[in-house]
There are 2 protein chains.
Amino acid sequence: MAAAHRLLVDIHTHVYLPRYAAFLRSRSSAPRIFTRTSPEGKQEDRLLILDDEPSEGRPVGPQYWDRDEKLKFMDRHAIDVSVVSSANPWLDFLPAPDAHKLAEELNTDMEDYCSAGPSLTALPSAKRLYGFGLLPLVPGASADSLVSTVVQISKLPHLKGIIMGTRGLGKGLDDDALEPVWGALEKAGLVVFLHPHYGVDKDAWGAKDNGHVLPLALGFPFETTVATTRLILSGVLDRYPSLRLLLAHSGGALPALSSRLSSCIEHDPVVASRLTHDARYYLGRLYFDAVAYGAEELGFVSDAIGRADKYVTAGTSAAASGAGATDSVAQRRLGSGRMLFGTDHPFFPPLGETEKWKSVVENLEAIDGVWGWTEKEKDAVRGGNAFSLFSLGS
Amino acid sequence: MAAAHRLLVDIHTHVYLPRYAAFLRSRSSAPRIFTRTSPEGKQEDRLLILDDEPSEGRPVGPQYWDRDEKLKFMDRHAIDVSVVSSANPWLDFLPAPDAHKLAEELNTDMEDYCSAGPSLTALPSAKRLYGFGLLPLVPGASADSLVSTVVQISKLPHLKGIIMGTRGLGKGLDDDALEPVWGALEKAGLVVFLHPHYGVDKDAWGAKDNGHVLPLALGFPFETTVATTRLILSGVLDRYPSLRLLLAHSGGALPALSSRLSSCIEHDPVVASRLTHDARYYLGRLYFDAVAYGAEELGFVSDAIGRADKYVTAGTSAAASGAGATDSVAQRRLGSGRMLFGTDHPFFPPLGETEKWKSVVENLEAIDGVWGWTEKEKDAVRGGNAFSLFSLGS
């Protein structure tokens, strides 16, 4: 794997596989793809993900489903490998039997999408495309149906994990009914990429027209934060110690609120002493994409990961553990081992014509600008960590 | 003010003034104070802030309304000065005329609470208690009523600002109807302490009993984040450049999501180019309490404040501005100038008997543990910044 240490790997990059895109086009309510006459009088395709979405959704085109467009985007940004995932809302809106059938079809499609794609010149044992599969996580799905789809995915050699929303079977991810699914995922060694879709109650955004800014900038990270916190509180991370969970958008607000979370847990008679560890410990068990658009943000996320071992026993305070300010740089470097570059392509396209997408450039500049990371940590975040986490090329 | 530079000032500490506590006791729906027989068979007073609150609310007692209890708490934790604010939900649930009358009565009560309290031995020109006033910010309140209450507060010498929730007149703080209020507050030089109460839609928390953890640890910071973001997007900070806004709980998730916010704004045709500056610039205009319970969190908040000037013009990237990693420590020190120690007393009481409250100790340890801050920055956060921001003792 020596050749891999300078490769750029995008682990947060989406697709609507052609079968899914065609299905969205056949629908008359969200999620759907439809053609409209734009305000400028042109015919254009739009993607409406939620019924109440502002601005009649957003432009959609071949960058969402065409593999050649993905590869062109990768080449333009010097991305060697992409671990591609279906974009939200996945199968959330389907009846359970339909979701199960479409999940398995799309998993096979994703395997074909990756395996029929090019290999990596620098490392011919590796492909340029790997994928995350889908589970039929909808109300009414049986544990058997979910576990059988986990088994299906585990047999598809280019699928390295699954992408998962936050609703589970309708009651969220802290639902006891999901226990067999966590067990099956842990046993299969599949990475769970936890990704938001719903945000929070839209009443929070008020009456002003702020486009997609509030649901995307705040609602998405809030949703991921709530879902992960509920997982921590339910003990899933205690019961499945080898489960590998990768959080979208650098875990949203979870790192920034993790000490507050710890304090609230310790001060609440209902949950104090329920967890095996201080809440902050669990952040060292998680993986985080590096999609936060700022160097200070990434540095802080790595701090929150790197300090986690100080909180291995509930109630241990930072001061009591003896670790002090002199360890801060080492702690920050340590945390980088669980962070992975991503782009969120094809979302966040530039509004005007540009050679490179600003959203990608910003995330690369952010990694490069993290105070305390050496080139070794930066290389790891840009690609080395992904090679390890997903066992790419092996 | 030389003597003030080593004093400890608590700017996030709450009270239900006796008039307000009596009023809560007279009510039969939330918010209310009521007496129940505890599961252990004892008579106990409970505070129910929201109707759907878990665990029949929380214990309440003299620490909420008795000035001597506040002073005892201060003495026990070596807090020299407290800038006291009414606890949520303030007047939010009252009809406008009642809210106006009670606001003005409570403002006078708060002035008496402070002025009749002790002076500071180390600095006799200063009192040990200062206060935030209340505005009757409820649906139906007229701008005239609000502005007249701002004028009332500005004439009460120990009131240094107002505490404000996020609902405004019912439509949030980005409501055009609030323009005269921002103008009056700016003109009066009153600090606006923005504090959450509602959290987000309780459906987000799921069916498991997690006590108050999710609404307090996540809902509160989300609410502050949304409200402040909506203020930024509405241009209030551009139109009132001298308005001083202090955010509870270190701004919640705003610092951690500020680069994502900037990116979402720049990529959305509805709001791109609407703001005078990059979203991150505005964080350097705000003040943040240091109530985040962790040193890494405080360090990051100071990074987000300290970098703000790099974003003075919308679209300027960190790389383009020429500021690099060698400036990171200076940037972190700079940011400390807008952060202020707080306790959130009398909330977060210890579950068992302890000499000092863990919530207070944690916040002091956090300040002490911030990598890159010297004693000068730590002293400023512990008290010096509060003396300056609130012109205490002058």
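Residue numbers start from 1 in every chain, and the chains themselves are labelled A, B, ... in the order their sequence lines are given, proteins ahead of strands.
Shown here for Gly294(A) and Ser259(B), the closest heavy-atom pair between the two residues is CA-OG, 3.7 Å. Closest heavy-atom contact between Ala272(B) and Leu351(A): CB-CD1, 3.8 Å. Here the shortest heavy-atom pairing between Leu218(A) and Leu257(B) reads CD2-CD1, 3.9 Å. The two residues His267(B) and Pro349(A) make their nearest non-hydrogen contact at CD2-O, 3.2 Å.
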For Phe348(B) and Ser263(A): C-alpha separation, side-chain torsions, deciding distance, then whether side chain to side chain contact (heavy atoms under 4.5 Å, CB included) applies. CA-CA 8 Å; Phe348(B) 298 92; Ser263(A) 182; 4.2 Å; yes

Go through the steps to decide whether Glu297(B) and Arg280(A) satisfy the test salt bridge (Lys or Arg N to Asp or Glu O under 4.0 Å), and finish with yes or no. CA-CA 12 Å; Glu297(B) 283 82 351; Arg280(A) 284 166 283 199; 5.8 Å; no

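Crowding of Lys208(A) atom NZ: a count of heavy atoms from other residues, nucleotides or ligands under 6.0 Å exceeding 12.
Listed options Thr166(B), Ile265(B), Leu254(B), Asp201(B) were ranked by heavy-atom pairs under 4.5 angstrom with chain A; first place goes to Asp201(B). Ranked by heavy-atom pairs shorter than 4.5 Å toward chain A, the options Asp203(B), Asp368(B), Val200(B), Val213(B) are led by Val213(B). Chosen from Val291(A), Asp175(A), Val270(A), the residue pairing most often with chain B at heavy-atom distances under 4.5 Å is Val270(A). Chain A forms more heavy-atom pairs under 4.5 Å with one residue of Val301(B), Val271(B), Asp268(B) than with any other, namely Asp268(B). Contact count against chain A (heavy-atom pairs under 4.5 Å) is highest for Asp209(B) among Asp303(B), Leu261(B), Asp209(B).
Arg274(B) pairs by the salt bridge (Lys or Arg N to Asp or Glu O under 4.0 Å) definition with nothing, not counting sequence neighbours.
Using a 4.5 Å cut-off between heavy atoms, Ser258(A) contacts chain B through both its backbone and its side chain. Interface remark: Arg58(B) contributes no atoms to any contact with chain A (heavy atom separation under 4.5 Å).
Residues of residues 224-234 of chain B that come within less than 4.5 angstrom of chain A, heavy atom to heavy atom, are Thr225(B), Val226(B), Thr229(B), Arg230(B), Leu233(B) in numerical order.
A side-chain donor-acceptor contact under 3.5 Å links Arg260(A) to the backbone of Leu216(B).
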